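Here is the structure we will look at.
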Amino acid sequence: MYPPSPGALLDIDVMKTLVAIAETGSVTAAAMRVARSPGAISMQVKKLEGTLGRPLFARSRQGMELNSDGERLLSYARRLVDLHRQALDAFREPELSGVVRAGIIDDFGGVRLSEVLAAFARSHPRVTVDVVMGLDSDLAARLERGEFDFVVLTPGGDVPWRGTDRVLHDEPLIWAGRDGGRAWRERPLPLALAAPGCAWRREAVEALERAGIAYRVAYISEFYEAQKAAIAADLAVAPLPRSMLGPGLAQLRAAEGLPPMGSCRIGLRFGAEPSAAARELAERIAESYGARTPGAA
């Protein structure tokens, strides 16, 4: 491979794809976030590596991880994507102000939430953002009481879907276990779950009961990172979206005798009268999932 030519260019859409792959760890999950097919994502990566004249990823059955050159490019990619957003925001009128109150599930936390809020603060310095993280049922109830402008949640358990909910993300739930672990062999099957009412818990339990597989709840936490810790320790297996698998974890497939489950859907729900600032922040969150809110410019 050869170094970049004098006329080489970096496409902003490809930079967004690079960031998405780095954050999700897989082409499939990144494709859902940027609203492209996995095949199109693979072609973008191949073209980008050809432009720069070197590979950017280490590939394995667990997914894709940036190599040292990829990590070096990632810092530039994030800045380019942020500057692209700021340039567009500079020409959007009127300037937004006020307070946005948002309720967000733990699944959206971490790096993604930090980056969305940081970019929003830079482009809309007169807006104060008040974010509360919590459980689906609590967030939905507080939205009904008028305490939030919008919430990001995973309906399907105790919180039914509404026709006005916007689907931000939809991917299959998979069984996650420690890579090379043995917890999946135990009977009753040890599970790491959230409390009753969680949509993922319901999917897992119903799938096991249909398959006639005995199970026991070995670990309970409302936060998926804590559930992943139990999986990594080989104390249990758990239902997770494929994109949430991390280092040391592996997808348990039909060969391990575990039944298929349904999907994980993350939705956006507005309150009665969301402000323009609230809709703008909701759009940023939707775009981070590869979706756009209805009526977004």
Side-chain angles (χ1 to χ4, degrees), residues 1-59 63-93 95-96 100 104 108-127 129 131 152 168-169 243 246 268 277 279-293 296-297:
M1 302 182 81
Y2 300 94
S5 68
L9 297 173
L10 294 175
D11 187 291
I12 190 66
D13 287 335
V14 179
M15 294 297 95
K16 290 179 180 179
T17 296
L18 179 74
V19 172
I21 296 174
E23 292 179 356
T24 64
S26 79
V27 169
T28 300
M32 288 186 283
R33 181 182 294 191
V34 301
R36 289 178 178 268
S37 69
I41 294 296
S42 297
M43 290 181 63
Q44 281 186 320
V45 170
K46 184 176 181 180
K47 183 177 179 181
L48 177 61
E49 291 179 328
T51 297
L52 297 178
R54 60 190 68 191
L56 301 172
F57 292 91
R59 296 161 172 85
M64 299 176 65
E65 292 185 3
L66 291 170
N67 59 24
S68 58
D69 285 323
E71 290 287 354
R72 184 153 58 111
L73 178 61
L74 179 62
S75 64
Y76 293 104
R78 285 186 167 131
R79 280 180 279 171
L80 287 169
V81 171
D82 191 22
L83 283 172
H84 179 262
R85 162 62 68 181
Q86 291 184 51
L88 293 175
D89 286 339
F91 292 90
R92 287 182 172 139
E93 295 292 344
E95 183 178 1
L96 299 178
V100 175
I104 299 178
F108 184 76
V111 174
R112 181 188 292 178
L113 178 59
S114 298
E115 291 180 350
V116 170
L117 293 180
F120 186 81
R122 286 192 294 270
S123 57
H124 300 294
R126 295 178 58 192
V127 178
V129 179
V131 174
V152 175
L168 300 183
H169 184 72
S243 60
L268 173 69
R279 288 191 173 277
E280 175 64 17
L281 178 57
E283 180 185 342
R284 298 291 185 88
I285 292 174
E287 288 177 346
S288 76
Y289 278 107
R292 293 181 66 84
T293 59

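All of these numbers come straight from a predicted model, not from anything done at the bench. Note that these values count all heavy atoms, side chains included, but never hydrogens, waters or copies made by symmetry.
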Could you pull out the closest heavy-atom pair between [X] and [Y], with the gap in Å?
| X | Y | answer |
| --- | --- | --- |
| Ile41 | Arg36 | CD1-CB, 4.1 Å |
| Arg126 | Leu96 | CB-O, 3.5 Å |
| Ser123 | Arg284 | OG-NH2, 2.8 Å |
| Ala77 | Met15 | CB-SD, 3.7 Å |
| Ala8 | Thr51 | CB-CG2, 3.8 Å |
| Ile285 | Ile104 | CD1-CD1, 4.0 Å |

Quick one: pull up [atom1] in [X] and [atom2] in [Y] and give me the separation to the nearest 0.5 Å.
| X | Y | atom1 | atom2 | result |
| --- | --- | --- | --- | --- |
| Glu115 | Asp82 | CD | CG | 9.0 Å |
| Glu65 | Ile21 | CD | CD1 | 12.5 Å |
| Thr17 | Gln44 | OG1 | CD | 3.5 Å |
| Leu18 | Asp13 | CG | CG | 12.5 Å |
| Leu52 | Ser5 | CG | OG | 10.5 Å |
| Leu48 | Asp11 | CG | CG | 9.5 Å |

- Item | For Asp69, all residues meeting side chain to side chain contact (heavy atoms under 4.5 Å, CB included), sequence neighbours excluded | Arg54, Leu56, Asn67, Arg72
